[in-house]
Structure formats: C-alpha cells, structure tokens
Amino acid sequence: TEVYTFVGNTRTIEEKLLLGELGIGIVEGQVESGDLISIPKMRDVLVLACAADHPMAGKKCMGLAELEGQRFVMREKGSGTRALFDAYLEREGLSICNCLETDSVDIIRKAILYDGCMAVVSERLLRDQIQQGEIYAFYREDRGWERSFNLVYHKDKYLTPSMQALGELLE
C-alpha cells in the first residue's frame with residue numbers, strides 16, 4: 001500500500017482527519033472536534049531559546065518583566081506550540097515583539113542563531129544546538145510547558161495494523 005505523509009499544524013491535521021483526507025495524525029496541540037480520538041503518546045517540553053551570544057543567555061533565572069518587548073520568532077497560528085505560548089503571554093499580561101511568524105523549524109532556528117530572536121519551541125527541535133552550546137535554553141521550573149504528542153484519528157475510523165504499529169512506535 002501507498003503511504004501518504006502530510007506535515008502541518010494541529011488545526012490543519014484536524015481538518016484533514018475530519019474530511020477523511022488523512023487516516024491518522026500526530027499533533028502537539030489539542031484537537032477541538034469531538035469526532036476525533038486523541039491519545040497522548042510521547043512527552044515533550046517547550047523551552048525558551050536564544051542564541052548563546054544573546055544578552056539573556058547564561059542567566060540562571062529570568063523574571064517575566066525581562067521578556068517584555070523582546071524580539072520573538074513565533075510559530076504560525078493554528079500550531080499547538082503557538083496556542084500554548086499565546087495563552088501564557090495573555091495570562092501573564094506580557095507584550096513581546098513578534099518579528100517573524102513561520103511554520104519552518106529551520107527558519108526558527110536561524111532566527112534564533114543569526115537574528116537575535118528568542119522563541120518558545122520544542123526542546124527536541126533544538127537539541128543538537130543546545131548540546132553544542134550554540135543555543136541557550138530556559139526551562140520552566142513548574143513544568144508548565146510540558147505537553148504530549150498525541151495520536152489522533154476519527155472515531156469511526158478502522159485502525160489498520162500499520163496505524164496501530166505507529167501508535168506503538170510512538171510509545
């Protein structure tokens with residue numbers, strides 16, 4: 001059988017599942033439709049990231065006020081990461097400078113490394129640069145940016161052995 005792979009944000013994956021254009025999806029955000037089953041499969045943590053030469057890099061602790069007005073590269077609307085960070089900014093009453101919005105991890109990485117931007121992004125996506133000391137990552141002590149990647153499918157969908165294997169692989 002032919003396997004079709006599509007990469008998109010949570011909202012787009014949800015729409016394609018509801019339209020029957022995808023059989024199964026992996027998303028980092030919360031799906032809204034009650035017609036979809038969402039099963040947490042893999043833990044993930046978001047970090048606040050900046051380049052190693054950024055003025056904030058190396059700090060052991062950062063106050064919320066220090067984020068005010070900082071330049072950020074953001075994920076696009078519809079992304080689970082974006083929704084989580086937008087809710088955080090609103091809850092804390094913070095205003096940042098959103099200077100770039102993209103769905104490309106590579107562009108986010110480059111904006112952090114070369115344009116002086118900060119970002120909130122999955123630690124997994126920057127792991128190599130963090131380990132090499134090119135990017136500095138702040139972790140929330142309260143674990144407030146932990147989340148899961150979820151296996152999502154339509155409630156009326158038959159899960160083939162391949163789909164079941166994907167779920168097991170994620171565990």
Side-chain angles (χ1 to χ4, degrees), residues 3-17 19 21-22 24-32 38 40-59 62-140 143-152 166 169-170:
V3 175
Y4 168 74
T5 304
F6 175 84
V7 177
N9 65 39
T10 300
R11 249 1 101 231
T12 304
I13 299 294
E14 181 174 5
E15 290 169 12
K16 289 188 173 292
L17 287 167
L19 292 171
E21 295 174 9
L22 293 175
I24 197 164
I26 302 167
V27 300
E28 87 277 8
Q30 296 295 318
V31 294
E32 295 178 6
S38 181
K41 288 291 184 176
M42 188 169 52
R43 296 299 302 156
D44 186 43
V45 63
L46 298 178
V47 296
L48 173 63
C50 63
D53 62 355
H54 190 281
M56 298 288 187
K59 289 187 166 201
M62 182 187 313
L64 287 177
E66 294 180 80
L67 293 179
E68 190 76 28
Q70 288 290 326
R71 296 176 68 242
F72 272 78
V73 56
M74 302 283 283
R75 285 287 310 268
E76 78 288 359
K77 290 193 184 299
S79 155
T81 300
R82 174 69 179 264
L84 187 145
F85 189 50
D86 279 349
Y88 174 78
L89 291 171
E90 186 175 330
R91 190 171 54 251
E92 299 298 334
L94 291 173
S95 179
I96 60 165
C97 175
N98 179 0
C99 61
L100 177 62
E101 190 172 303
T102 182
D103 63 354
S104 167
V105 174
D106 192 46
I107 290 173
I108 291 171
R109 188 179 296 113
K110 287 177 180 174
I112 293 169
L113 288 169
Y114 307 116
D115 293 335
C117 291
M118 299 184 85
V120 170
V121 66
S122 171
E123 176 193 40
R124 291 173 189 275
L125 301 175
L126 302 176
R127 187 169 286 146
D128 290 343
Q129 290 78 24
I130 292 169
Q131 289 175 348
Q132 294 166 6
E134 297 173 321
I135 290 180
Y136 187 81
F138 294 91
Y139 296 82
R140 287 201 40 193
R143 302 168 69 109
W145 287 346
E146 284 193 12
R147 63 187 184 165
S148 64
F149 284 102
N150 303 310
L151 191 70
V152 182
L166 175 63
L169 180 66
L170 291 174

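This chain uses plain numbering: 1 for the first residue, then up along the sequence. No experiment lies behind these values; they were computed from the predicted model shown.
Within 6.0 Å of CZ in Phe6 there are more than 12 heavy atoms belonging to other residues, nucleotides or ligands. At most 12 non-hydrogen atoms from other residues, nucleotides or ligands lie less than 6.0 angstrom from CD of Gln30. Annotation for Lys41: atom NZ counts as buried by contact number, over 12 foreign heavy atoms lying within 6.0 Å.
The existence of a salt bridge linking Arg82 and Glu101 is confirmed by a sub-4.0 Å separation between a basic side-chain nitrogen and an acidic carboxylate oxygen. Salt-bridge annotation for Glu32 and Arg11: present, with a side-chain N of the basic residue lying under 4.0 Å from a carboxylate O of the acidic one.
Contact check for Asp44 versus Glu28: no side-chain heavy atoms found under the 4.5 Å cut-off. Taking 4.5 Å as the limit, every side-chain heavy atom of Val152 sits out of range of all side-chain heavy atoms of Ile24. Counting heavy atoms from C-beta on, the side chains of Leu48 and Met62 come closer than 4.5 Å. Within the 4.5 Å cutoff, the side chain of Arg109 has heavy atoms near those of the Asp106 side chain. Two residues are said to be in side-chain contact when any heavy atoms from C-beta on lie closer than 4.5 Å; Met56 and Tyr136 fail this criterion.
Closest approach of Ala137 and Ile130 over heavy atoms only: CB-CD1, 3.7 Å. Among all heavy-atom pairs drawn from Gly93 and Glu68, the shortest one is O-OE1, 4.3 Å. Considering every non-hydrogen atom in both Cys50 and Ile112, the closest pair reads C-CG2, 3.5 Å.
Interatomic distance, CD1 of Ile108 versus CG of Leu125, reported as 8.0 Å (0.5 Å rounding).
If you check the side chains of Glu21 and Tyr4, you find no donor sitting under 3.5 Å from an acceptor.
Because its NZ or CZ atom is both nearer than 6.0 Å to the ring centre of Phe149 and within 45° of the ring axis, Arg147 counts as a cation-pi partner of that residue.
Here Glu134 pairs with Leu113, Gln129, Gln132 under the side chain to side chain contact (heavy atoms under 4.5 Å, CB included) rule; sequence neighbours left out.
Ring geometry for Phe85 against Tyr88 counts as parallel: the plane angle stays under 30°, on a 0 to 90° scale with 60° as the upper cut.
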